[in-house]
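To start, the structure itself, in structure tokens.
Just so it is clear, the values below take in all heavy atoms, side chains as well, and ignore hydrogens, waters and symmetry mates. Throughout, a chain's letter reflects where its sequence line sits, starting with A, and its residues are numbered from 1.
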Amino acid sequence: GENVEQHPSTLSVQEGDSAVIKCTYSDSASNYFPWYKQELGKRPQLIIDIRSNVGEKKDQRIAVTLNKTAKHFSLHITETQPEDSAVYFCAASKDSSASKIIFGSGTRLSIRP
Amino acid sequence: NAGVTQTPKFRVLKTGQSMTLLCAQDMNHEYMYWYRQDPGMGLRLIHYSVGEGTTAKGEVPDGYNVSRLKKQNFLLGLESAAPSQTSVYFCAIRTGAQDEQFFGPGTRLTVL
């Protein structure tokens, strides 16, 4: 089955700097890669996703890149702000699997003032 | 916006007790999912359903049962709770044709 590995497990950056979180997946048939943000005590919320037919997607300060050949994808947050502090999860899924999503283990991002 | 509620929000059980967690949606979505979240392990899929009357196993189904008798409700049961089932449980629905999942607020379960 699919396995998703996520690094780093914790990340601390200065406010205003960029943050990058990286994930690898094992199943070459996976074609949907969402990213979720979870604030303390809250539910995970989808912040951006990418499909295997594109290499990059951007939404304001966040962007995701996908390298299908290497089977890895990354989340980039620019101009970080205190409200970016949260746990971020990457995930992978494939159409043929009833949308079963396999999650990475999460990255706790802290923004230093 | 999809509405997903989970009942109860918190629960403490003793080892061996049973309970049922309820996930309810106020829309007509076919796909529903139950996850558990443990520190350092992300979210792991327990069971899922692709429609009324159907259920299937996920990554970690042992010790749990599910039912989807009504399209709006997806129930997760623990027949004999164990301390290893202490976790936060999230229900999710697939909100559209493109795989996006929307999560409920979660149930924090402690088994003593």
Side-chain angles (χ1 to χ4, degrees), chain A residues 1-11 21 23-27 29-54 57 59 64 75 86-108, chain B residues 1-7 9-10 21 23 25 29-61 66 68 74 87-108:
Chain A
E2 175 67 278
N3 182 50
V4 178
E5 295 193 356
Q6 182 171 350
H7 301 280
S9 57
T10 60
L11 179 61
I21 302 170
C23 291
T24 61
Y25 61 99
S26 61
D27 189 342
S30 290
N31 55 10
Y32 174 65
F33 306 92
W35 285 86
Y36 286 82
K37 176 183 180 182
Q38 186 178 29
E39 297 176 354
L40 189 63
K42 300 288 182 63
R43 75 188 80 191
Q45 292 192 297
L46 179 70
I47 55 171
I48 195 168
D49 55 15
I50 191 168
R51 298 188 181 276
S52 58
N53 57 347
V54 298
K57 184 176 179 181
D59 183 3
V64 58
L75 178 72
V87 178
Y88 292 81
F89 294 97
C90 63
S93 174
K94 53 187 178 183
D95 287 337
S96 60
S97 66
S99 301
K100 288 186 295 180
I101 291 180
I102 304 301
F103 286 83
S105 54
T107 296
R108 183 174 299 279
Chain B
N1 288 334
V4 181
T5 58
Q6 290 185 231
T7 309
K9 290 184 170 57
F10 304 94
L21 284 68
C23 176
Q25 56 160 320
H29 300 292
E30 296 286 348
Y31 290 32
M32 299 184 74
Y33 308 83
W34 275 109
Y35 293 89
R36 61 177 288 172
Q37 184 175 34
D38 303 295
M41 299 187 74
L43 293 115
R44 293 181 292 168
L45 182 64
I46 305 171
H47 286 279
Y48 64 100
S49 169
V50 301
E52 182 178 312
T54 74
T55 63
K57 294 180 180 180
E59 298 173 82
V60 288
V66 286
R68 184 99 180 268
F74 193 25
S87 189
V88 179
Y89 292 85
F90 286 100
C91 172
I93 59 174
R94 195 178 92 166
T95 55
Q98 299 293 321
D99 300 317
E100 295 90 340
Q101 291 191 14
F102 179 82
F103 285 82
T107 294
R108 184 173 295 277

Check A/Gln38, A/Arg43, A/Lys42 against B/Phe103 for a side-chain contact (heavy atoms from CB on, under 4.5 Å) and give me the one that passes.
-> A/Arg43
So how far is it from B/Lys57 NZ to A/Lys100 NZ, rounded to the nearest 0.5 Å?
-> 12.0 Å
Got a second to check how far B/Gln101's CD is from A/Ile101's CD1, nearest 0.5 Å?
-> 3.5 Å
In terms of heavy-atom pairs under 4.5 Å with chain B, the winner among A/Pro44, A/Ser9, A/Gly106 is A/Pro44
Could you tell me which portion of A/Gln6 (side chain, backbone, both or neither) has an atom closer than 4.5 angstrom to a non-hydrogen atom of chain B?
-> neither
Could you tell me which portion of B/Leu45 (side chain, backbone, both or neither) has an atom closer than 4.5 angstrom to a non-hydrogen atom of chain A?
->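 For B/Leu45, the side chain is the part near chain A, not the backbone.
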Contact origin within B/Glu30 toward chain A - heavy atom pairs under 4.5 Å |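 For B/Glu30, neither part sits under 4.5 Å from chain A.
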Heavy atoms of other groups near A/Arg108 CZ, more than 12 under 6.0 Å = no
